[in-house]
Protein chains: 2
Amino acid sequence: MAEPGGPVRDPETVSRFVEHFAAQLVEAGLPRMPARVFAALLASDTGVLTSAELGEQLKISPAAVSGAVRYLAQQHMVSREREPGSRRERYRVHGDQWYEALTNREAVIRRWEDALREGVTSLGADTPAGRRLAETLAFFEFVEKEVQTMMERWRAYREERFGRG
Amino acid sequence: MAEPGGPVRDPETVSRFVEHFAAQLVEAGLPRMPARVFAALLASDTGVLTSAELGEQLKISPAAVSGAVRYLAQQHMVSREREPGSRRERYRVHGDQWYEALTNREAVIRRWEDALREGVTSLGADTPAGRRLAETLAFFEFVEKEVQTMMERWRAYREERFGRG
DNA sequence: CCTTAACTTCACAAAATTCTGAAAGAAGCG
DNA sequence: CGCTTCTTTCAGAATTTTGTGAAGTTAAGG
């Protein structure tokens, strides 16, 4: 399908997917612009786009691209690369990297756990509320461990099914 | 510690925990009022509070309580009970129920999967972008299955460690 | 160095969200 | 049936978030 000289990718088809998938991400809590930029990268053939390409494709200002990309980089969902010998920056979705980011709410969970531990102590480990908090804490600790092993299983499964990315 | 006649719970200590934990939830994406209401329920001794109690404790209007509770109930994070023979409604965090809710982003994931499937088709399963989308789709399908078995392991572990809730 | 291309930061306008008071709506109880 | 108590809905004020244009910053290329 992909011809040598020119891509057959219909921009409108791509855009339809990008906006639709971005909308789902937004619904799940991601801010709008980061969601759109991320979807655009996912739907690109190389997985790499420049700031200009993103701005043009999504019809947004350079400032918006900048903000969205900063957000995504902080969440480790994309990485930024300097194109050698050029002022252009390139943004990339790297398969593995972003699965990990999705499940690596580690920092967030860690803070939940801290807050819960403090709650158990201050409310009293021997009170009903304290016991409820302790159980909740145990749940998060459990999940944290499980997610790690789950990702190991995923990597194995992925390699078997798709080969090395 | 909990005496028969009157609770020793220091309201200020409780409030400190409630606001702190709620703040973490907000940071993770939960709207403010639902987060505060939920934290208050978690920190209550019985796990049940009336609308009036919530309003008083959090210093918010009945309208705010109503909105927050509707949100939480939709997310299956609390359940509402009618106190028999009274106009009062009671809201409850039920241990199991809300762990499940946390991991049951099922509906959300389902929609992601749908969008991705459509993307694979419309961009072409044999294009680089299509392959990337297909792999992403595989990841979610994998996670969906894994989370289910993880929750089974949690229930087993929980029962062993805490006994029947 | 100076020019120029590319990205970033900042202040502000626009848009969306959030919470409240007020009014309306249910449901028990006499 | 009407009174009373509790909850929900609604319109609007206040706050927050978002995206832009414009100025500022960095670094390549002459």
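Chain naming here is simple, since letters A, B, ... match the order of the sequence lines and numbering starts at 1 in each. A quick note: this is a predicted structure, and the numbers were derived from the prediction, not measured.
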To the nearest Å, give me how far apart CD (B/E81) and P (D/dC6) are.
-> 18 Å
Can you establish whether the number of heavy atoms outside B/R32 located under 6.0 Å from its atom CZ is more than 12?
-> no
Minimum-distance nucleotide (side-chain atoms of B/R70 versus D/dT8, C/dA6, D/dT9) | D/dT9
For A/P34 and for A/R82, find the nucleotide of DNA chain D with the closest heavy atom, then tell me which residue's nucleotide is more 5'.
-> A/P34
Parallel, tilted or perpendicular: ring planes of A/Y99 versus B/F139, cut at 30 and 60 degrees = parallel
Within the structure shown, what part of the strands sits under 4.0 Å from B/R36 by heavy-atom distance: base, sugar-phosphate, or nothing?
-> nothing
Nearest whole angstrom, please: distance from the P of D/dT8 to the CG of B/L54.
-> 12 Å
Hey, is the side chain of B/S61 poking within less than 4.0 Å of OP1 or OP2 on C/dC19, counting only N and O atoms?
-> no
Between A/P31 and A/A63, whichever has its closest DNA chain D nucleotide further toward 5' is A/P31
Look at all strands and tell whether A/S66 reaches a base, only sugar-phosphate, or nothing, counting heavy atoms closer than 4.0 Å.
-> base
Side chain of A/R87 only, please: which of C/dA5, C/dT8, D/dT8 is the nearest?
-> C/dA5
Starting at NZ of A/K59 and ending at P of D/dG19, how long is that distance when rounded to a whole Å?
-> 17 Å
Using a cut-off of 4.0 Å on non-hydrogen atoms, how would the nucleic acid contact of A/G85 be classed: base, sugar-phosphate, or nothing?
-> sugar-phosphate
If the plane angle is over 60° it's perpendicular, under 30° parallel, otherwise tilted; pick one for B/W154 and A/F142.
-> tilted
Rounded to whole Å, CD of A/E89 lies from P of C/dT8 at a distance of 6 Å
Over how many whole Å does the gap from B/R90 atom CZ to D/dT7 atom P extend?
-> 12 Å
The nucleotide from D/dT7, C/dC19, C/dT9 with an atom nearest the side chain of B/M33 is C/dC19
Measure from CG on A/L30 to P on D/dT18 and round the result to the nearest Å.
-> 10 Å
Side chain of B/I60 only, please: which of D/dT8, C/dT20, D/dT18 is the nearest?
-> C/dT20
Length of the CD-P vector between B/E53 and D/dC6, whole Å | 12 Å
Of the listed nucleotides C/dC19, D/dT8, D/dC6, the one nearest the side chain of B/R32 | C/dC19
Identify whether any heavy atom of B/Y91 sits under 4.0 Å from a base atom; if not, whether one sits that close to sugar-phosphate; answer base, sugar-phosphate or nothing.
-> sugar-phosphate
Step by step, work out the side chain to side chain contact (heavy atoms under 4.5 Å, CB included) result for B/W98 and B/L72.
-> CA-CA 10 Å; B/W98 87 267; B/L72 291 170; over 6 Å; no
Neighbour count above 12 (heavy atom, 6.0 Å) for B/R111 CZ | yes
